[in-house]
Number of protein chains: 2
Amino acid sequence: MTADRIDADDQPTGAPQRTRGSVMRDVARLAGVSHQTVSRVLNDHPNVRPETRERVLAAMRALNYRRNSAARTLVTRRSRTLGLVAFETTLFGPASTLYGIEQAARTAGYFVSVASVRSLDRESVLEAIDRLCEQSVEGIVAITPKNTVVAALSQAPAGLAVVGVGGGGESVPTVCIDNAAGAAMATRHLLALGHATVHHITGPADWPEAQDRIDGWREALYAVAAPVPAPRPGDWSARSGYEQGRLLATDPSVTAVFCANDQIALGALRALHEAGRRVPDEVSVVGFDDVPESSYFLPPLTTVRQDFAELGRRSLDLLIEQLNGDSRTNRRISLTPTFVARTSSGPPSA
Amino acid sequence: MTADRIDADDQPTGAPQRTRGSVMRDVARLAGVSHQTVSRVLNDHPNVRPETRERVLAAMRALNYRRNSAARTLVTRRSRTLGLVAFETTLFGPASTLYGIEQAARTAGYFVSVASVRSLDRESVLEAIDRLCEQSVEGIVAITPKNTVVAALSQAPAGLAVVGVGGGGESVPTVCIDNAAGAAMATRHLLALGHATVHHITGPADWPEAQDRIDGWREALYAVAAPVPAPRPGDWSARSGYEQGRLLATDPSVTAVFCANDQIALGALRALHEAGRRVPDEVSVVGFDDVPESSYFLPPLTTVRQDFAELGRRSLDLLIEQLNGDSRTNRRISLTPTFVARTSSGPPSA
DNA sequence: GGGCAGCATGAGAACGTTAACATTCTCGAC
DNA sequence: GTCGAGAATGTTAACGTTCTCATGCTGCCC
């Protein structure tokens, strides 16, 4: 009955221009082959005669055929889609990571579905993962700045491939920048210029990235037996850099400040400027991230550059490794950042 | 044969813990109902006895059931997924728009699949649209800064719902900030402070947003019969702001500069500073966008704020309207930006 | 010349869901 | 007590792919 209706619909009108779009069967009919042969052409199966293949391709062009991915996914159980759990995607770092992952995913033949979370509590993250699972993603990349995210990730359904980017956790394969190394570079740079010690305005305490930068900074100070001032708590924002900068500016012994990111450094620069402390003559400032604007700060900011594109690529590698069922080697990839010297740092005036 | 195998597999093991995950039939069996009843529970069909519903829900919980969206999409022809064509997503504006759209989409019950394009030529954009179509998205939101994108969009398959965000074109429903109004606000602000005229460092010539800002600036000057200096070509980057700023700094008659975005303003601020021209005492600078850092520039930047979240929400409204087949009224939505006065602008010194 | 490998193709059954229709059951009205 | 409306549930057929297996057909070897 229904089949009759379809035929009745098709044959009089000539079928090509239906709202529904054409399907494999239409292509097959036009090319005079079975739908299976069309499928073979579509999937580059070797056993198709060149002539037949050509006929099928012509029919596909004529009907403007597009394969239906839902049907394909249903039968292959592969959605070719990755889920991305992201937070604060308006910031440069996460936005760049997202971009890097998307590019890498495309290259690898995957689609990317984004689930931004408003907050990083376990519940929001689990809900985001849930939504992505419902979309039957094959794996999830989570930009995991906070420990809670990692915790939530490890609660993800068993079969699901998962990779964390940025922050760290033992429970989930992770790729991240070696924040400690970057912080140490920045600190050593300042020490090498002759500063007696280096102050540090940190990121939020519960972000592993912030913690690692603190560790790197502290280690570098330890290594040369420099005094370790109390770290100044920031929250990645320029505002926090400004507030902490004002406090630091009142202390004449402060000659070098390492900021956990470039925004903080920007705030600190303004605070120092307002307090009449000249950079770099009186105080040196170093940031972290190398946002595109940092070379136009006043003065241009010495900082540490992260390669976000590489971060995206590597995280995808790790994910695909899991999807292929490869052994869980290299569960943790760490990328070394690059030091970028500009003019916000110099030898102490004394 | 195959059916036998499945039964043989299922019954001995008890089925709940299979790699494949459970499907509707498993739930139905456990709850002692037909799969259709499960479907009804899932889709909130009214005609299910509360007691039955409860039993089904319990079974779903017990089996950790998740509906298979591919199958659902296949039969309903609705993927509940929107495609997002985006460019330069690492910049604050696009990143914020992306975020706004994602949030709005989630609220409306849609998933978002992102296709970033490396460049905005017609080919890249069409390819991105193609990829999204293959994923059977129901509609596409394109962050359409350049005219070529709009052109490519209008080439999209006929049945596809499309909305452009940001830039404009007549051929596609669009939601954008009223850039001309914003630019006029900035310009009028400077004129009201007593400046004889206002110089302008523009965005790239082929971006409608940049063009609209030029128009708004020029109109505001015309309105008070102020002289209209030649616009200085920029490209959104701090670098271009710096370069144009250096040129402007050499001209002592320049007392007010309106920059097409905050990055350009940052570069201009640095150039003016290096040239020894004090802001705002000698030269006033105004930006556009209100990036989070702009209140920590030196000096804090007077600028024009865009509401990206609203932009995302409205573009989604427009898209959903199309999906519902509503009339094509309001094909163009324009949002008025907000003027934000800070300290980078003031009366001319003379 | 019979058997057989292997290529090219086709037929039909999945995949897991929703939609359309069919069936039972429950009540109240006549 | 029968009828019928409507609620609750079940049956079956799509949806558009890919997969498995079957079937010709060709050409080659012994």
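Residue numbering restarts at 1 for every chain, and letters A, B, ... go by the order of the sequence lines.
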If you look at every strand shown and take non-hydrogen atoms under 4.0 Å, does B:Thr52 touch a base, only sugar-phosphate, or nothing?
-> sugar-phosphate

Would you mind classifying the nucleic acid contact of B:Ser69 as base, sugar-phosphate or nothing, using non-hydrogen atoms under 4.0 angstrom?
-> nothing

Comparing nearest nucleotides in DNA chain D, the 5'-proximal residue of the pair B:Asn47, A:Leu42 is B:Asn47

Would a distance-only check, ignoring hydrogens and angles, find a side-chain to backbone donor-acceptor pair under 3.5 Å from A:Ser39 to A:His35?
-> no

Just by distance, do the side chain of A:Arg314 and the backbone of A:Ala309 share a donor-acceptor pair under 3.5 Å?
-> no

Residue closer to the 5' end of DNA chain C, B:Tyr65 versus A:Pro46 (nearest nucleotide) | A:Pro46

Between the axis at one end of the helix from C:dG1-D:dC30 to C:dC30-D:dG1 and the axis at the other (five pairs apiece), what's the angle to 10 degrees?
-> 60°

Measure all distances between protein nitrogen or oxygen atoms and nitrogen or oxygen atoms of nucleotides 19-21 of chain C, and list the pairs falling under 3.5 Å.
| residue | atom | partner | partner atom | Å |
| --- | --- | --- | --- | --- |
| C:dA19 | N6 | B:Gln36 | OE1 | 3.2 |

In whole angstrom, what separates B:Leu63's CG from C:dG16's P?
-> 14 Å

Shortest side-chain distance from A:Arg25, nucleotide among D:dC15, C:dG16, C:dT9 | D:dC15

Take B:Leu160 and B:Cys133 through the side-chain contact (heavy atoms from CB on, under 4.5 Å) test and state the conclusion after the steps.
-> CA-CA 9 Å; B:Leu160 194 67; B:Cys133 285; 3.8 Å; yes

Would you mind telling me which of C:dG10, D:dT18, D:dT9 lies closest to the side-chain atoms of B:Val48?
-> D:dT9

Roughly how many Å is it from CZ in B:Arg53 to P in D:dA7, rounded to a whole number?
-> 14 Å

Of the nucleotides C:dC15, D:dC15, C:dA11, which one has an atom closest to the side chain of A:Leu74?
-> C:dC15

Locate the shortest heavy-atom distance separating B:Ala59 from B:Ala31; write the atom from each residue and the value.
-> CB-CB, 3.9 Å

Separation of A:Glu138 CD from A:Ser79 OG (nearest 0.5 Å) = 4.5 Å

Under the 3.5 angstrom rule, does the side chain of A:Ser315 hit a backbone N or O of A:Val175 as a donor-acceptor pair?
-> no

Here the distance between atom P of D:dT9 and atom NE2 of B:His45, to the nearest Å, is 11 Å

Separation of atom CZ in B:Arg78 from atom P in C:dT17, rounded to whole Å | 18 Å

For atom CE of B:Met24 and atom P of C:dC15, their distance in whole Å = 15 Å

In whole angstrom, what separates A:Arg29's CZ from D:dG16's C1'?
-> 13 Å

When you measure from the side chain of B:Glu310 to the backbone N and O of B:Leu335, does any donor-acceptor pair fall under 3.5 Å?
-> no

A:Thr89 (side chain) donor-acceptor with A:Ala86 (main chain) under 3.5 angstrom | no

Residue pair B:Arg67 / B:Asn43: nearest heavy atoms and the distance that separates them = NH2-OD1, 2.8 Å

Round to a whole Å and report the spacing from CG of B:Asp26 to P of C:dG16.
-> 9 Å

Rounded to the nearest angstrom, tell me the gap between atom CE in A:Met60 and atom C1' in D:dT17.
-> 14 Å

Taking OP1 and OP2 of D:dT18, is either one under 4.0 Å from a side-chain nitrogen or oxygen of A:Arg67?
-> yes

Check ion pair B:Glu102-B:Arg313 (N to O, under 4.0 angstrom) | no

Counting just side-chain N and O atoms, does B:Thr37 come under 4.0 Å of either OP1 or OP2 of D:dG10?
-> yes

Which is true for B:Asn68 with a 4.0 Å heavy-atom rule: it touches a base, it touches only sugar-phosphate, or it touches nothing?
-> sugar-phosphate

Give a yes/no answer on whether the side chain of A:Arg49 brings an N or O atom under 4.0 Å of OP1 or OP2 in C:dA8.
-> no

